[in-house]
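Presented below is the structure to which this report refers.
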Amino acid sequence: VGGGPGGLTCAALLAKWGLKTLLLEKNETTGGKAITPTNKDGFSYELGPKLQVPAQGPGFAQAFRELGIESELKPLPLTTAGLAYRGPSGKYKLGALPATTGLEPQPLFDLWDLAPKDTEPALKLMIDMAMMPPEQLNALDEMTTAEWLAGMDNVPWGLYSYMAMHANASLAEPIDLVSASEQVRIMQDIALRGAAGYYVGGFGRVLNDLAKAIKANGGDIRTRTRVDRIRVENGRVTAVVTGDDVFKAPIVVSDAGLQPTVLKLVGEDEFDSGYLNYVKGLVPGWSFTGVKYFLKKKVLEYPMYNIWSDDTWLTLERFRKQRTGKVEDEVMMFATVPSNFDPSMAPAGKQCIVAGTICSPDPSAKEIKTLWDKMDQMWDKLYPGVMDALMYKEVEGPAEVSEFTRDHVLPGQGGECVGLAQIVGQCGKYQPSPKAPILGLYYVGADVGPPGMGTHKASSAGINVARMVLRQYQMQQALV
Ligand SMILES: Cc1cc2nc3c(=O)[nH]c(=O)nc-3n(C[C@H](O)[C@H](O)[C@H](O)COP(=O)(O)OP(=O)(O)OC[C@H]3O[C@@H](n4cnc5c(N)ncnc54)[C@H](O)[C@@H]3O)c2cc1C
């Protein structure tokens with residue numbers, strides 16, 4: 001149920017392994033939050049700014065290898081990132097950093113105006129993060145990044161501010177809620193596994209290849225087919241129900257989101273109150289609202305940009321303030337320029353910038369439009385050529401993300417950027433299980449994936465769940 005990165009990966013592997021596989025997707029195309037549309041003018045772009053972390057060995061690479069189509073993946077490494085940071089000096093400093101910065105941090109130190117005495121502690125902390133062994137990482141499941149850093153003697157401010165921006169940009173969480181184990185693992189991916197990357201044709205092209213693999217291996221895909229109900233009889237799944245059909249199935253894997261699957265597709269009556277309370281108590285991740293700027297000429301030089309200052313990354317307190325409509329003058333931004341990775345993604349001589357900033361996942365959030373205006377102002381202030389070359393723009397916020405992907409079933413939920421929040425209590429050993437307490441029902445996608453950034457988490461979950469389903473299927477076959 002649902003063809004996002006998690007559902008597609010899972011279905012492709014199951015089809016390859018010989019299971020009779022049907023994927024039902026409510027939208028016109030599969031791809032979920034990671035589609036790459038092409039508009040009437042020939043621009044191809046992502047729903048919001050999107051990069052692959054880790055660049056080396058993401059879930060997609062493992063799945064493509066397993067499917068025997070590894071040469072089709074066509075990854076494109078990030079070479080240089082454009083950064084803009086306003087620190088204690090009060091002025092924005094613009095920088096261009098090679099993607100090897102994880103290994104050679106001096107350009108970052110220059111951007112932060114790091115005092116010579118702070119260089120060594122910053123370097124030590126960055127190396128400690130990069131080299132942290134798994135058992136030490138697991139212990140960080142229990143604390144937020146802010147709590148972890150507070151326990152240290154000397155954390156240089158530039159590095160703290162970078163980590164806080166990073167929690168927003170990579171995990172769509174605040175530094176005072178995000179699980180330190182999740183964040184440090186992503187820092188390791190960036191430092192040791194190729195920084196970040198993209199794909200020829202974008203994420204959507206990768207996902208189309210997975211859809212092709214489903215069909216090539218005998219599976220079926222029906223788009224524009226919303227699943228209204230997952231039918232359960234005597235504690236086990238028996239079918240999925242759409243507007244027109246009932247599809248009998250002994251195993252159902254849902255990529256529709258854990259909370260929508262339990263509360264809407266299966267229904268509360270099928271679960272005990274303890275599990276229902278657990279599901280209702282899970283916290284959705286925050287959202288990222290995006291603006292696509294379609295430019296009549298090339299303006300930005302690099303494929304990726306991070307723009308932040310010490311007062312633009314959201315903490316829980318700043319988030320609460322933003323929710324009351326008090327939006328600060330400036331916002332943090334993460335942006336990608338798809339055609340600076342793959343020139344075929346924009347008409348010759350033109351450029352599309354996909355920019356975003358962190359926000360509430362609440363589809364009815366009122367402050368989103370103000371954030372779009374603030375993003376325009378940030379470009380004007382820091383990279384004025386962008387607004388000068390603007391032909392038109394497209395926007396989307398949590399309402400559009402929810403409409404396009406997961407249903408709104410709880411207050412403030414629906415427009416999550418990644419999935420369930422990667423916060424203390426929901427990560428590492430507290431990660432929600434992909435196996436529902438109903439025989440034959442599994443969840444897939446970012447909600448139940450191992451640590452990592454969105455698409456990596458979702459596609460890795462697809463691989464894990466496919467293995468679980470295969471085992472259940474083989475056991476059932478052995479008993480017949
Ligand atoms: C603005 C933005 C920026 C992001 N940036 C990054 C990034 O830089 N790097 C990164 O790795 N990730 C990023 N992500 C996150 C990433 O896109 C998601 O984590 C990932 O797509 C989640 O995959 P999924 O399979 O869990 O579900 P989704 O992508 O949400 O897909 C779920 C699918 O299920 C379908 N569906 C739902 N309900 C039904 C139903 N009842 N019947 C049929 N079909 C149904 C939906 O239509 C959808 O196609 C970003 C996301 C956003 C929104």
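Nothing here was measured: the structure is a model prediction, and the numbers come from that model. Just so you know, ligand 1 is whichever comes first in the structure, and atom 1 is the first atom listed for that ligand.
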Protein contact of [atom] - nearest heavy atom, named by residue and atom, plus distance:
atom: atom 29 (O) of ligand 1; answer: K33 N, 2.9 Å
atom: atom 26 (O) of ligand 1; answer: A446 N, 2.8 Å
atom: atom 24 (P) of ligand 1; answer: D255 OD1, 3.4 Å
atom: atom 38 (N) of ligand 1; answer: A256 CB, 3.4 Å
atom: atom 43 (C) of ligand 1; answer: K26 N, 3.3 Å
atom: atom 51 (C) of ligand 1; answer: C417 O, 3.3 Å
atom: atom 37 (C) of ligand 1; answer: T405 O, 3.2 Å
atom: atom 19 (O) of ligand 1; answer: V418 O, 3.1 Å

So between [options], whose heavy atom ends up nearest [atom]?
atom: atom 41 (N) of ligand 1; options: T225, V227, L207; result: V227
atom: atom 47 (O) of ligand 1; options: E25, E28, R229; result: E25
atom: atom 9 (N) of ligand 1; options: L51, T261, V354, T455; result: L51
atom: atom 23 (O) of ligand 1; options: P361, G4, P5, G449; result: P5

Will you find, in the side chains of [X] and [Y], an N or O donor that is under 3.5 Å from an N or O acceptor?
X: Y198; Y: Q52; answer: no
X: T315; Y: D176; answer: no
X: T238; Y: E233; answer: yes
X: Q351; Y: S339; answer: no

- Message: Against I307, only a single residue in F334, Y85, Y383 fulfils side-chain contact (heavy atoms from CB on, under 4.5 Å); can you say which?
- Response: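 For I307, the side-chain contact (heavy atoms from CB on, under 4.5 Å) check succeeds only for Y383.
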
- Task: Mark yes when over 12 heavy atoms from residues, nucleotides or ligands other than Q188 sit less than 6.0 Å from its CD; otherwise mark no.
- Result: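 Enclosed.
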
- Item | K429 atom NZ: more than 12 heavy-atom contacts under 6.0 Å |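 Atom NZ in K429 is packed in, count exceeds 12.
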
- Query: Can K457 and E182 be counted as an ion pair, charged N to O under 4.0 angstrom?
  - Reply: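 Salt bridge: yes.
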
In this structure, does ligand 1 have an atom that sits under 4.0 Å from one of the heavy atoms of [X]?
X: P49; answer: yes
X: L24; answer: yes
X: R226; answer: yes
X: F404; answer: yes

Which atoms from ligand 1 have a heavy atom of [X] less than 4.0 Å away?
X: G445; answer: 25 (O), 26 (O)
X: A458; answer: 22 (C), 23 (O), 24 (P), 25 (O), 26 (O)
X: F288; answer: 1 (C)
X: G32; answer: 29 (O), 31 (O), 48 (C), 49 (O)
X: G48; answer: 1 (C)

- Task: Could you tell me whether the side chain of K215 reaches within less than 4.5 Å of the side chain of I221, counting heavy atoms only?
- Result: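 Yes, their side chains come closer than 4.5 Å.
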
- Polar contact flag for G6 and ligand 1 (N/O pairs, less than 3.5 Å):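 Between G6 and ligand 1 (N or O atoms, distance only) the closest approach is under 3.5 Å.
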
- Message: Tell me whether N27 has any N or O atom under 3.5 angstrom from an N or O of ligand 1.
- Response: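 Between N27 and ligand 1 (N or O atoms, distance only) the closest approach is under 3.5 Å.
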
- Item | Worked check of side chain to side chain donor-acceptor pair (under 3.5 Å) between N27 and T29 | CA-CA 5 Å; N27 294 336; T29 55; over 6 Å; no

- Task: Check the pair Y45 / F294 against ring-ring contact (aromatic ring centres under 6.0 Å, His included), numbers first and verdict last.
- Result: CA-CA 10 Å; Y45 46 90; F294 298 92; 5.2 Å; yes

- Message: Run the ring-ring contact (aromatic ring centres under 6.0 Å, His included) test against F64 and tell me which residues pass, sequence neighbours left out.
- Response: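 Testing F64 for ring-ring contact (aromatic ring centres under 6.0 Å, His included), a comparison that skips the adjacent residues, returns none.
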
- Message: Give me each pair satisfying ring pair (Phe, Tyr, Trp, His ring centres under 6.0 Å) with a member in residues 420-472, each pair once, sequence neighbours excluded.
- Response: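 Ring pair (Phe, Tyr, Trp, His ring centres under 6.0 Å) check on residues 420-472 returns no pairs.
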
- Message: Apply side chain to side chain donor-acceptor pair (under 3.5 Å) to residues Y392 and D41 and explain how you reach the verdict.
- Response: CA-CA 11 Å; Y392 54 94; D41 296 323; 2.4 Å; yes

